[in-house]
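What follows is a single structure, written as structure tokens, with notes after it.
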Amino acid sequence: QAWYEDSTAAGAANSAWKGLNLPAEGSTGVQAGVAEVLRAAYPEDQIAILKVSQGATGVSYWANAGSPGYEALTSRITAVKDRLLAQQAAGEIAGFSFVGFFWMQGENEIDPWNTSGSRLYFETFHKIPTAVRAFTGVPALPMILGRTSNAYAPSTIRVANGDYRAFPAAVGTRPFAADSEFINSGVMRGQALFEAYSDFVRTSQIGWTLYDSHSAWVDVDDLPLVDYYHFPTGDPGKITLGRRMGRAALRLNGVSAADE
């Protein structure tokens, strides 16, 4: 059996385990792909996935103590760990172990308006796996991250108070006139700068996995996008991402995936 708990940082915590329908084609979301791979590798075990998310947030939202994302993530880890320890003490489960921490983010920092976020991504990001390892109590907990996609085509640009690239025809968006175009804030925006900040983030993500031997990154450049930011729910899409992350987690744990 596979279970997951789904909470948003800005909302109330969901403290109930929900069953995951597998195979993953019958479900939606990254968690289904991860669970499918892990269950195949650990057929005698129950798989439990804690998911904490919040849309339109930057890396600092999750990295800095006191910020909503950091507090939500670390408090949910603590709550779930306490729950599992109570179940173990009651004889409901024989024990438990953490297989990995999965991370998909970076879109916020690749935009030209967020100059410091992209350039400081590595410096900020490292706080997240450090905190997660501390709160799980697993110093070498595998960390699997999805490298931010290179498919965020800069076909529209932000205007003051506009709807920023949510959809091509959204109110407040318009085509690039030129890479050197300036808009009301006086900040140059365009494909050249977009690609530069994207490179900052993507290089930082790979750099972390070179720095930290218990980490790995997975490629998502081939996955389609439905609205310039998000992957489709199925395969190819979020389920594909989940499967890739699950296989990477197994490799870091010294286990071969069933389909490898």
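Start at 1 with the first residue, then count along the sequence.
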Heavy-atom donor-acceptor pair, [X] side chain to [Y] backbone, under 3.5 Å:
{"X": "Asp235", "Y": "Thr240", "answer": "no"}
{"X": "Thr209", "Y": "Ile206", "answer": "yes"}
{"X": "Glu71", "Y": "Gly66", "answer": "yes"}
{"X": "Asn253", "Y": "Val99", "answer": "yes"}
{"X": "Gln54", "Y": "Ala10", "answer": "yes"}

Can you measure from [atom1] ([X]) to [atom2] ([Y]) and round to the nearest 0.5 angstrom?
{"X": "Leu141", "Y": "Phe101", "atom1": "CG", "atom2": "CZ", "answer": "8.5 Å"}
{"X": "Ile47", "Y": "Gln1", "atom1": "CD1", "atom2": "CD", "answer": "10.5 Å"}
{"X": "Leu252", "Y": "Met143", "atom1": "CG", "atom2": "CE", "answer": "11.0 Å"}
{"X": "Thr78", "Y": "Phe135", "atom1": "OG1", "atom2": "CZ", "answer": "5.0 Å"}
{"X": "Leu145", "Y": "Ser215", "atom1": "CG", "atom2": "OG", "answer": "7.0 Å"}
{"X": "Leu38", "Y": "Ile49", "atom1": "CG", "atom2": "CD1", "answer": "6.0 Å"}

Ion pair check, [X] and [Y], cut-off under 4.0 Å:
{"X": "Arg39", "Y": "Asp45", "result": "no"}
{"X": "Arg244", "Y": "Asp219", "result": "no"}
{"X": "Arg76", "Y": "Asp6", "result": "no"}

Quiz prompt | Test side-chain contact (heavy atoms from CB on, under 4.5 Å) applied to Leu50 and Tyr4, step by step | solution = CA-CA 6 Å; Leu50 168 63; Tyr4 80 108; over 6 Å; no
What are the two closest non-hydrogen atoms of [X] and [Y], and how far apart are they?
{"X": "Ile144", "Y": "Gly100", "value": "CD1-CA, 4.4 Å"}
{"X": "Gln205", "Y": "Gly106", "value": "NE2-CA, 4.3 Å"}
{"X": "Pro224", "Y": "Phe231", "value": "O-CD2, 3.4 Å"}
{"X": "Val255", "Y": "Ala41", "value": "CG1-CB, 4.2 Å"}
{"X": "Ala63", "Y": "Thr124", "value": "CB-O, 3.4 Å"}
{"X": "Ser67", "Y": "Ser60", "value": "OG-O, 3.6 Å"}

Do [X] and [Y] come within less than 4.5 Å of each other through their side chains, counting heavy atoms only?
{"X": "Glu123", "Y": "Leu120", "result": "yes"}
{"X": "Phe96", "Y": "Leu85", "result": "yes"}
{"X": "Val52", "Y": "Thr8", "result": "no"}

Quiz prompt | Residue of the set Glu36, Lys18, Lys51 for which side chain to side chain donor-acceptor pair (under 3.5 Å) holds with Gln31 | solution =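 Only match with Gln31 under side chain to side chain donor-acceptor pair (under 3.5 Å): Lys51.
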Practice problem: For the pair Val218 and Arg147, evaluate side-chain contact (heavy atoms from CB on, under 4.5 Å) and give the outcome as yes or no after the intermediate values. | Solution: CA-CA 6 Å; Val218 300; Arg147 184 181 63 172; over 6 Å; no
Can you tell me how the ring of [X] sits relative to the ring of [Y], calling it parallel under 30°, perpendicular over 60° and tilted otherwise?
{"X": "Trp62", "Y": "Trp103", "answer": "perpendicular"}
{"X": "Tyr211", "Y": "Phe122", "answer": "perpendicular"}
{"X": "Tyr121", "Y": "Phe125", "answer": "parallel"}

Quiz item: Does NZ or CZ of Arg202 fall inside the cone over Trp217's six-membered ring, less than 6.0 Å from its centre and within 45° of the axis?
Solution: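 Arg202 over Trp217 ring: no.
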Quiz item: When you look at Leu84 and Gln87, which way does the side-chain contact (heavy atoms from CB on, under 4.5 Å) test go after all the steps?
Solution: CA-CA 5 Å; Leu84 292 171; Gln87 288 183 275; 3.6 Å; yes
Quiz item: Judged by modelled atom types alone, do Glu107 and Thr148 share a side-chain donor-acceptor pair under 3.5 Å?
Solution: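 Per modelled atom types, Glu107 and Thr148 side chains form no pair under 3.5 Å.
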Exercise. Determine, step by step, whether Tyr70 and Asn64 satisfy the side-chain contact (heavy atoms from CB on, under 4.5 Å) criterion, reporting the C-alpha distance in whole Å, the side-chain angles of both residues, the deciding distance to 0.1 Å, and the verdict.
Key: CA-CA 6 Å; Tyr70 178 96; Asn64 295 328; 5.8 Å; no
